[in-house]
Amino acid sequence: ACSTDTKGNEIEDEKPKGQETPKTTNEDSTLEGSVVIDGSGTVYPLMARVAEEYMLTEQENVSVEVSRAGTSAGFKKFLIENGTDFNDASRNIKDEETAEADSLGIEVKELKVALDGLTFVINKDNDWANEMTPEQLISIFKADSGIEKWSDINSEWPDEAINPMGPNENHGTYEFFYENILNKEDLVSSVSLQQDYSTLVSLVSEDKNGIAFFGFGYYVNNKDKLNAVHVDFGSGPVEPSLDTISEDGDYANFTRPVFTYLNVNFAKEKPQVLDYAIYAVENFNKFSGESGFAPISDAEAKENLDFLNNLK
Amino acid sequence: MENSNWKKPVYETNGLNLWYGSSHALKNIDLSINEKEVTAIIGPSGCGKSTYLKTLNRMVELIPDVNISGSITLKGENIFDKSIPVEMIRSKVGMVFQKPNPFPKSIYENVAFGLKIHGIRNKSLLDRIVEESLQKAALWDEVKDRLHKSAYGLSGGQQQRLCIARCLAVDPEVILMDEPTSALDPVSTHKVEELINSIKNDVTIAIVTHNMQQASRISDRTAFFLNGEIIECDQTTTIFNNPSDPLTNDYINGRFG
Amino acid sequence: MENSNWKKPVYETNGLNLWYGSSHALKNIDLSINEKEVTAIIGPSGCGKSTYLKTLNRMVELIPDVNISGSITLKGENIFDKSIPVEMIRSKVGMVFQKPNPFPKSIYENVAFGLKIHGIRNKSLLDRIVEESLQKAALWDEVKDRLHKSAYGLSGGQQQRLCIARCLAVDPEVILMDEPTSALDPVSTHKVEELINSIKNDVTIAIVTHNMQQASRISDRTAFFLNGEIIECDQTTTIFNNPSDPLTNDYINGRFG
Amino acid sequence: MMKELRPHNFSRRTKLRLLLNHIAKTIFLLSTLFGIVVLSILIYRVFSQGIGWINLDFITGKLSTRPERAGIMGAILGTFWLMLVVAPVTMFLGVGTAIYLELYLKKGRLQGFIQTNIANLAGVPSIVYGILGLTVFSRVMNLGNVVLAGGLTMSLLILPIVIVASQEAIRAVPNPLSEASFGMGATKWQTIKHIVFPVALPGILTGAILSLSRAIGETAPLVVIGIPALLMPFPGGILDKFTVLPMQIYYWTLDSSLTAEYANLASATIIVLLLVLLVLNTTAIIIRNKFQTSN
Amino acid sequence: MSIRSELDREISVRNLIEQKRNSRSFNTLFEKAVPYFLFAIAALSVLTTAGIIYTLLSETIEFFKRVPLADFLTGTVLKPLSQTPEFGILPLVMGTITSSLIAMVVAVPIGLMSAIYLSEYASVKVRKTLKPLLELLAGIPTIVYGFFAFTFVTPLLREFIPQIQATNILSPGIVMGVMIIPMIASLSEDAMSSVPNSMREGSLALGSTKLEVAVKVVIPAALSGIIASFILGISRAIGETMIVTIASGSTKNFTFDVTQSMQTMTAYIVEVTGGDAPAGSTIYYSLYAVAMTLFVFTLLMNLIARTVSRKFREEY
Ligand SMILES: Nc1ncnc2c1ncn2[C@@H]1O[C@H](COP(=O)(O)OP(=O)(O)OP(=O)(O)O)[C@@H](O)[C@H]1O
Ligand SMILES: Nc1ncnc2c1ncn2[C@@H]1O[C@H](COP(=O)(O)OP(=O)(O)OP(=O)(O)O)[C@@H](O)[C@H]1O
Ligand SMILES: [Mg+2]
Ligand SMILES: [Mg+2]
Ligand SMILES: O=P([O-])([O-])[O-]
């Protein structure tokens, strides 16, 4: 792989030359058109990173546009006529979404992108709740658990109200939390749900009693502002990290795969979509660490690649 | 009310009535304006002088809610005739207003304006007519070195003469003047009066003035308006020395108005 | 230029100069305004009459870029004294303007305005003063049934008398009037003149007028201004019948202005 | 009579009144300065945070997911193309409507109706225009989220402002000028073309430029129409997808929680945006002043 | 001037004009077509209104087929994406009204006092410097204000109100107020400046201080214009989007607590579109129902402002 420096130089080199000399080693070097990606805000940083790299080093006449409406909102734009080419998702596609795809005649291929650890973050000044059990965490967010103050969890903790927060219903992260962690029990009504992860970061970093959950990547990038709760799954507190959130890591109980869903019809019709899909699948593992994700297994990556190569 | 006209009338007004909405501003006006004469229109403020003048070139119709009955003929043609476009009448009838209103263009462009809108584009012809018109308006010598400078650089009196030159350029039959000197200083007033005297052999002039001395100095005939009616119209000397109507006499002698 | 004053001066002006920016509008004015007299100020347009009047209550200072030198005393106190607030002077000196300017309030509120800003809130006292002032201004009978209606419902002449009543309500030492009748019809003018006559025993009045007949009708003394200078000031009868300066004579007889 | 009213008798009160006046004046002045102080803080913060990030590469570079490589040329060009749609469309429609309302349509019901309508349109929130644009231009006309769709949406948004400003400029043309023109036998259209329009033009331009700067700073309608968060190619025409400076500021503000440096990028972009607006507004003011002195 | 040229002219100018006139039938046709053409252009503004109303209404009707009108108007819970969605608009109305009121609390006194200063106290020179500076404030894009509210005002407020949330309705409310100050100042100043000077002179000549002139004469005379400026300010605050989107979060709180995050109608629209709202879902239709409500709110405000200020214009 080339270093950032070399890449930087490459861009500067290609600027004056313009578009006639696409700089790539790929054999079908003259692809153009656009690839439209929407969906998960959790996956966005990784997907955008891969897309940028693709445009810089592979196909400069292809425009890969990445948006981040959230997993669910993204699926609504994916599952329509002339919808998006990919939908990033921080949860699995739901049955009703699959059904919708079938009824529209859209063939959908799930591509696993990386592994993400659901991370609970607290304020830097919070020196009591650095270690918790999953049950304690759940009780904070679940309705009618009787937990409103820190002291309700542990009598030594402050007698102050907890401010639970999280991403709103547009997000796969919310749904993953709601379905897999809370087992579809209602959230406590005092929970503050936000559209933007940036807001959550600010909220917690400024609120001593705040606690929020989101993807590991948003934590890694804000380590200076937030602390992560070390979760005790039974064998001692585990700090979420690239190692622990991996498939067989100690944090694996709160780890979830994140995906991108490909519209296979488009991959067949539009060569640039397929080309990008292949590039992305080949490179997710290379960039995932940078964005705070753990890599998927080589076997899974290989399987996806084979599927795509068969579409050619 | 009219008497001995040895000159041919250019405008003939018969039974003219005009209403602004419901207010009756001109009542049953009968009046002739004769060729190559200066006709002065006098009367106290609000008597309808300006209204009458603006009716002669149908400018009054620009005001909303104006109603007109009666007839006015210009050289025998009814000016209210639907088949004659107003622009046609107005191009034959120049108008000079109380306040000088040159366009925010060069002196040259001001004079050439009328010609250009009537489709004359020939440069040398334009040059010639502009020069002639400015000469007639006794302005040429003062402006010949700054023809392409803004007309706003001229003094008020010069601007007013420019407005007259602008009229003259399209070679009008008649020039209507509405208190053309009331915004000017005595010297400029004098120059404009001289100018009127010098062109009156070429063009018919109707002039509204509130200055009775001016009327007597420059006009051949004078019409006296009062409350929208025409009281008397006669040779200027007759009106000023021997008016037949006592109201005229009172007005001339400053007893009202 | 002053002569025999058997009355006490209220205002004394000495060596007053005033500049609007660089234009010298009042030049070395010396003038006394005497108690319980009407002093008329006459002169052609632009001679500085209004400027002088507005200097007497320091309203002229509202205009940007005004410079004043010289002194004016009001009952012996220098009005330019830094320690006396202008508001104090103005509350002793009423002013009536060319165009009536009642406030958009009721007739009652207009008259009571000056009292209220000076903190008088006692209803019965207010009622009494309002009635007295309107009576002095000869307006009471016309408005007593509509005291709480808008002042804008009054005619121009009534509005002007209301403005005078508004001044009278605060019992001023002096009332300054700047062409108070020039926007009024003859009948209203007559009423205002009568009113001036009826109050002049109670209050000192300085009145600017362009109407020489008016000056001679209502004033005791007359000052004649020309080009920012004071040419002559004397008993009104003297000024109109036997002026000492030929310029005054020319002006009185309409030879200029 | 009424000696108690002599000023010297209530001079204590007068002193109070004068004091009140002074205090009030100070408070009023402070109020006026409040806004200006806030403006200064805002500008100071933005500059101190962003100025270090402004360099040629930032201005001319492509968008990137890595702050140190990100540039805003795409957003600058997007803003440029957007204006290339908005300026002619609003000038044409705005001036046309203003001429019709001021010079052709008689005062009356229809005129009042259209005028009220325009005034109300001026008060419709920009996000509602976004929804209109999304529905009509992006969906029904099937333009998607390209420059043309955004530009037409923005045009509708500022149209009422342009109309009203043009009407004022036309109304300010001295009546004697058009009278003189009509008096020369000029037709209505000739009078408009040769006299009214040229005289009103500086006023119209001032209004148009000021409303353009409004359009340049608008974000909400474009959020609704949908601008991709990552879009690297530069737009080359009105049928290309695009992003604009305010959208970039919005996204980077959101991203600032991912990587703190994005806040600096947002500040740097704000500086560029403010400079663009400053240039536009100065132009407008210069035109206005020139126009005022020449009359 | 030679007789020759006189003759020349006699023939050329008049005749030329007559000739040209005869050959200008196209121009007259054009002249006649112009008003129709311009009418078509002017009609576009009416069409825009019709377009807005039609767009909003048709989808809003669809929304009310799914969610009863009464539930929408009286519901205090808004959970559009929940398994058991609820579509009460009141949390959004609350957010909108709260933020607008906060903005007004800031903008009305400061704007009005600035107007008084500019129109009654400031010298021409001072006014000419201060007014454009204030207007600059109005020219700052709202996204910049949003950034400012989020990164500066909220942290600043925390100094005084420690429990304030990182997204709250107070901070954007205040910043919207700052944004509206120039609007209220400038419109009120216009209203006050159009009070004839003679009114001020009359009052000053009676010994009033400038404060008394302003409070007792000028403000009462300009009152309807001033009130109209307030209403337009509220309308502007109601419609403001980016500041609240960035700084007030997206919690659909039905509360009076200004330290909490609240969502306004405008911010909800931004959230739901989130790029490009997918057609067909109830959420999608709720977008239009909320936009319709917003439109009605601002329309009412504008109509009131117009009525009030028309009354004002009749006074002189
Ligand atoms: N646009 C108008 N709408 C309604 N009434 C008008 C209009 N113009 C003039 N009038 C009225 O018509 C009457 C005649 O006005 P006109 O201007 O013709 O008088 P005038 O003799 O020219 O007076 P002046 O010497 O003051 O110019 C007046 O009573 C005037 O009020
Ligand atoms: N605000 C001003 N700024 C500059 N110059 C002024 C101002 N007001 C008046 N002047 C000038 O001062 C001179 C005196 O003006 P003033 O108004 O006192 O004259 P006046 O005697 O009252 O005239 P009139 O009879 O026309 O009212 C004039 O030359 C005038 O142009
Ligand atoms: Mg007239
Ligand atoms: Mg005066
Ligand atoms: O943005 P999400 O990954 O939570 O859908």
Side-chain angles (χ1 to χ4, degrees), chain D residues 17-18 20-21 24-25 27-29 31-32 34-36 38-39 41-42 45 93 96-97 99-101 104 114 116-121 123-128 131-132 134-136 145 156 159-160 163 187-189 213 217-220 223-224 226 246 249-250 253 263 266 270 273 277 281, chain E residues 30-31 34-35 38-39 41-42 44-46 48-49 51-52 55 110 113-114 116-118 121 130 133-134 136-137 139-144 146-148 150-152 178 181-182 209-212 232 235 238-239 241-242 246 266 269-270 273 275-276 288 291 294-295 298-299 301-303 306:
Chain D
R17 291 171 49 222
L18 293 172
L20 266 179
N21 183 43
K25 179 179 175 174
I27 295 176
F28 295 160
L29 175 61
S31 297
T32 314
F34 173 81
I36 293 161
V38 175
L39 181 71
I41 296 175
L42 189 154
R45 276 187 55 87
L93 296 178
T97 305
I99 289 177
Y100 184 71
L101 289 179
Y104 281 95
I114 297 183
T116 311
N117 182 61
I118 288 168
N120 287 333
L121 276 181
V124 172
S126 58
I127 190 130
V128 173
I131 292 175
L132 180 72
L134 173 71
T135 313
V136 176
N145 50 355
L156 290 186
L159 188 57
I163 293 174
T187 62
K188 195 156 193 163
W189 182 245
S213 56
E218 264 302 340
T219 320
V223 172
V224 177
I249 297 167
Y250 177 51
T253 306
I270 289 175
L273 177 62
L277 295 180
N281 289 0
Chain E
F30 178 74
E31 193 79 33
V34 165
L38 291 177
F39 172 76
I41 291 176
L44 199 87
S45 73
V46 180
T48 306
T49 312
I52 291 175
T55 309
I110 296 182
M113 289 195 288
S114 308
I116 297 175
Y117 184 78
L118 291 174
Y121 286 94
L130 288 186
L133 275 177
L134 262 188
L136 270 186
L137 209 54
I140 303 273
T142 57
I143 182 82
V144 177
F147 183 76
F148 184 66
F150 188 59
T151 64
F152 178 72
V178 171
I181 288 172
T209 61
K210 284 195 171 178
L211 179 64
E212 287 155 354
L232 287 175
S235 162
I238 291 175
T241 308
M242 293 322 287
I246 291 185
T266 50
I269 296 172
V270 169
T273 48
D276 187 0
Y288 288 87
L294 177 66
F295 177 75
T298 50
L299 187 70
M301 290 295 160
N302 288 314
L303 286 176
R306 264 176 81 76

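Just so it is clear: chains get the letters A, B, ... in the order the sequence lines come, proteins before strands, and each one is counted from 1.
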Heavy-atom pair with the smallest gap, counting every atom of [X] and [Y]:
{"X": "D/L273", "Y": "E/P141", "value": "CD2-CG, 3.5 Å"}
{"X": "E/S45", "Y": "D/I163", "value": "CB-CD1, 4.5 Å"}
{"X": "E/M242", "Y": "D/V223", "value": "CE-CG2, 4.0 Å"}
{"X": "E/S235", "Y": "D/G123", "value": "OG-O, 4.0 Å"}
{"X": "E/F147", "Y": "D/A263", "value": "CZ-O, 3.7 Å"}

Given a strict heavy-atom distance threshold of 4.5 Å, which part of [X] is in contact with chain E: side chain, backbone, both, or neither?
{"X": "D/Y250", "value": "both"}
{"X": "D/L20", "value": "both"}
{"X": "D/L29", "value": "both"}

Option passing side chain to side chain contact (heavy atoms under 4.5 Å, CB included) with E/L137 (candidates D/L42, D/I36, D/L39): D/L39
Which one wins on heavy-atom pair count under 4.5 Å against chain D: [options]?
{"options": "E/G146, E/S114, E/P182, E/G51", "result": "E/S114"}
{"options": "E/L136, E/T142, E/V178", "result": "E/V178"}
{"options": "E/T266, E/I181, E/V144", "result": "E/V144"}
{"options": "E/E212, E/M301, E/K210", "result": "E/E212"}

Would you compute the distance between atom [atom1] of [X] and atom [atom2] of [Y] and round it to the nearest 0.5 angstrom?
{"X": "E/L294", "Y": "D/I127", "atom1": "CG", "atom2": "CD1", "value": "8.0 Å"}
{"X": "E/L211", "Y": "D/F28", "atom1": "CG", "atom2": "CZ", "value": "5.5 Å"}
{"X": "E/I143", "Y": "D/E218", "atom1": "CD1", "atom2": "CD", "value": "10.0 Å"}
{"X": "E/M113", "Y": "D/T32", "atom1": "CE", "atom2": "OG1", "value": "8.5 Å"}

Test item: D/N117 side-chain N/O and E/T49 main-chain N/O as donor-acceptor pair under 3.5 Å: no
Donor-acceptor contact present, side-chain D/N120 to main-chain E/L299, <3.5 Å: no
Check ion pair D/K188-E/E31 (N to O, under 4.0 angstrom): no
Chain D contact via E/T209 - which portion, at a heavy-atom distance below 4.5 Å: both
